[in-house]
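Data block below; observations after.
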Amino acid sequence: MARQRDTKGEDTGTDPKLGDISDRLNDLSSRLAAEKSLKAKADKPIMQYQGASDYSKGYRLASEFIAGVLVGGLIGYGIDRLAGTLPLFLIIFLLAGFGAGILNMSRAANRTPPTAEELAKMPKPDDDDDEDK
Amino acid sequence: MANDPIHQFRIHDIAGPWNIAGYEISFTNSALFMGITVATITGILFLASLRGALVPSRLQSIGELRDGLIDNMVKNVLGEEGKKFFPLVFSLFSFVLIANLLGMFPYFFTVTSHVVVTASLAVFVVLLVVVVGIAKHGLGWFKLFVPHGVPMAILPFISLIEIISFLSRPISLGLRLFGNMLAGHIVLKVFAGFVVSLTALGVGGILGAIAPMAMAVALTALEFLVAGLQAFVFAILTCVYLNDALHPSH
């Protein structure tokens with residue numbers, strides 16, 4: 001807005017009234033920009049379900065895990081039905097489905113991998129090894 | 001029976017059945033409420049966009065807020081590239097949200113409490129991910145199942161797990177919405193049933209019915225929260241999965 005006024009050739013600095021207005025406009029636009037960047041920051045963690053209640057988080061993790069095991073078991077059973085080797089592939093794919101369920105769950109719990117700084121802040125995993133001895 | 005908590009989910013024919021091409025097809029209460037859902041969405045959006053005032057009225061605000069929410073979500077998760085998917089995500093979100101909320105009316109049928117409906121929506125989303133992924137990246141899209149930096153020895157095993165993990169998405173997506181709506185409505189009905197059967201016992205029963213009555217009121221509020229939340233989760237997971245189609249590298 002202030003620039004538009006400048007191109008018109010008006011000297012905003014000398015006119016006390018207009019100068020005041022353009023200052024206030026500048027102030028407003030900078031405040032708006034600051035708020036926008038703040039809002040963009042606040043919008044970011046939408047991927048991590050921060051707004052979701054604990055109940056729905058728990059339900060979500062459980063359903064991810066169950067779906068993995070279920071699909072693994074179904075695929076294994078399907079192959080066995082076709083090939084006639086009943087327990088073999090069911091067992092293999094059930095185990096793979098278990099792994100997929102864990103993978104699903106860990107992805108659902110933490111969609112974005114931690115940054116290097118966050119990793120440095122985390123406690124080291126070998127901390128409680130000494131206590132066990 | 002009025003006290004049967006499952007009775008509300010029964011599907012019955014309203015018109016039909018007709019025999020079309022060897023299949024028995026009828027217009028059920030589920031189809032009726034799907035139609036009501038779509039009509040409600042269309043009606044609200046039509047009325048909301050009718051005036052187009054600079055200072056929005058309450059109804060216009062509803063439309064604009066819903067639009068803004070999904071627009072933000074699509075932009076945040078998919079980036080500018082994902083703009084094309086806005087209509088899809090918006091439709092899915094609106095359908096699930098309005099179907100959930102319509103189910104909160106007494107005597108109304110909850111469309112999303114049937115796994116057939118939610119699973120169809122979920123399978124559609126995941127099939128779309130596959131189609132868009134292959135159309136955009138060709139066969140290179142299948143690198144999604146081959147993570148970086150994995151030793152060759154365990155790569156087949158990891159790929160197998162990744163594939164199962166991918167295939168389990170429609171199940172978890174559909175199952176979660178279905179489970180939430182089914183469980184919520186059954187629990188609500190069971191507590192309401194306690195109130196009815198306790199009040200039949202006389203004065204002591206009426207006093208005893210206060211607790212389940214309070215519970216039913218609280219659960220109703222929770223169900224409204226769940227209805228909105230599950231629609232939101234469904235929409236955002238659609239975005240997250242579509243993100244895999246657009247940017248397959250993990």
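Chain identifiers are assigned alphabetically (A, B, ...) following the order of the sequence lines, protein sequences preceding nucleic acid strands; residue numbering begins at 1 within each chain.
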[atom1] ([X]) with more than 12 external heavy atoms under 6.0 Å:
{"X": "A/Phe98", "atom1": "CZ", "value": "no"}
{"X": "B/Met34", "atom1": "CE", "value": "yes"}
{"X": "B/Leu139", "atom1": "CG", "value": "no"}

Q.
With a 4.5 angstrom heavy-atom cut-off, is it the side chain or the backbone of A/Phe93 that approaches chain B, or both, or neither?
A.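 Contact with chain B involves both backbone and side-chain atoms of A/Phe93.
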Q.
Applying the side chain to side chain contact (heavy atoms under 4.5 Å, CB included) criterion to B/Ile164, which one of A/Ile75, A/Leu103, A/Val69 satisfies it?
A.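 Among the candidates, only A/Ile75 passes.
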Q) Between A/Asn104, A/Ile102, A/Val71, which is the residue that forms a side chain to side chain contact (heavy atoms under 4.5 Å, CB included) with B/Ser165? A)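 Output: one option passes, namely A/Asn104.
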Once you round to the nearest 0.5 Å, how far does [atom1] of [X] lie from [atom2] of [Y]?
{"X": "A/Glu64", "Y": "B/Arg169", "atom1": "CD", "atom2": "CZ", "result": "8.5 Å"}
{"X": "A/Ser63", "Y": "B/Ile171", "atom1": "OG", "atom2": "CD1", "result": "11.0 Å"}
{"X": "B/Ser172", "Y": "A/Leu70", "atom1": "OG", "atom2": "CG", "result": "10.5 Å"}

(Q) Given heavy-atom pairs under 4.5 angstrom as the criterion, report whether the side chain, backbone, both or neither of B/Leu167 touches chain A. (A)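 Both parts, backbone and side chain.
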Q | Minimum-distance pair of heavy atoms, taken over all atoms of A/Ala96 and B/Leu160 | A |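 Minimum heavy-atom separation between A/Ala96 and B/Leu160: CB-CD2, 3.7 Å.
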